[in-house]
Amino acid sequence: MQASIQPGRDAATQYVLRLGDTCLILGQRIAEWCGHAPVLEEDIALTNMSLDLIGQARALLTHAGQISGLGHDEDQLAFLRDERDYLNPTLVELPRGDFAFTVLRNAMVATFLKLMWQRLSASSDAELAAIAGKALKESRYHQQHACDWVVRLGDGTDESARRLKAALAQLWRYSAELFEDEAIDEQAAASGLGPKWSELQADWRAEMAALLAAVKLPVPADSVYRSTGRRGVHSEHMGFILAEMQYLQRAFPGGVW
Amino acid sequence: MTTQNEWPLWEVFVRAKAGLDHKHCGSLHAADSKMAIQLARDVYTRRQEGTSVWVVRSDQIVASDPGDKGMFFDPMEDKVYRHPTFYQLPESVNHM
């Protein structure tokens, strides 16, 4: 059994880890569709998206390990942290749900990530800017593909419209967490590392409102509920997904293929 | 066999790089042309195979009848003089 590692606690490391974890956990969730998507072609499309996200996570976790100065590599950071040290928003760890839930969440997160990569392309950290430049192309496609599906389902049959509406009702309240600033946001903005996540809110809401208008769904009212994944306080689903991700590295430390 | 709920079939053509022609590489099911283009990208260009894709509804392709194969194509067997084998191609001409 491999003991857990403690990641760097400095603001820059945490800022990069938070984004890396967002990509990592959503990539893992989407990968669950492999072999289970409604049609073969979409199965491959979802798997491609998952691999893009895991690629982004690899680059970000590797970079976070370098920033921290603690010598952690991508595998250690991905597989050997305790649950409380994962900083992804709760939104991405929620179980994959039905196909409507998956494509709506993908549209929400891809829109967010696209805006994030656009801003990070101008980061004072050259490595982070380079990662963002590559990832932006990937997220633009993810957004287009996912948003097209949202429109198809919203515009489709009674059942698909009902499922999309239900997914929106479930997912929306988890979006507020994305835009709440913490100390690491202030420090990242001050150092030029990257934007405060709250800075993306207006653009994100505008793009989501346009998408929902296209399927004649109202933007849900803001909720007082706040999820807390970014602070390491996750939903009951996080432990299960981490168990699946981690057991191999825990059982066979340093195992590679 | 197709069922009523099955999406139409599309033929996919991929261009590997500028200057080359689009080559037929397979087919897929998609609800409409926009989805077909996206899925062609996802299914057939995962390993950097493409810089451009075309899709066309399979039922829009008119094909020669396999029963006409002999009549259509066998008469060309003995007309070797139609091949431009007596010309020396300049080296700068690629992909002929």
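Naming: A, B, ... by sequence-line order, numbering from 1 per chain. What's counted below: heavy atoms across the whole structure, side chains too, no hydrogens, waters or symmetry copies.
Around CZ of A:F252, the count of heavy atoms belonging to other residues, nucleotides or ligands within 6.0 Å does not exceed 12. For A:R140, the CZ atom counts as loosely surrounded, since its 6.0 Å shell holds 12 or fewer non-hydrogen atoms of other residues, nucleotides or ligands. More than 12 heavy atoms of other shown residues, nucleotides or ligands fall within 6.0 angstrom of atom CZ in A:R81. For B:K69, the NZ atom is loosely surrounded, since the number of other residues' heavy atoms within 6.0 Å does not exceed 12. In this structure, B:D65 places its CG atom where more than 12 heavy-atom neighbours from other residues, nucleotides or ligands lie under 6.0 Å away.
For chain B, the nearby part of A:L51 is the side chain; its heavy atoms alone come within less than 4.5 Å. For a residue to count as touching a neighbouring chain, one of its non-hydrogen atoms must lie under 4.5 Å from one of that chain's; by this rule B:A40 does not touch chain A.
Residues A:I44 and B:D42 approach most closely at CG2-O, 3.3 Å, considering heavy atoms.
A:E41 places a side-chain N or O within donor-acceptor distance of the main-chain N or O of B:H29, the cut-off being under 3.5 Å.
Contact tally against chain A (heavy-atom pairs below 4.5 Å) for B:M35, B:K34, B:Q38: the top residue is B:Q38.
From A:L40, atom CG reaches atom CG of B:L39 across 9.5 Å, with rounding to the nearest 0.5 Å.
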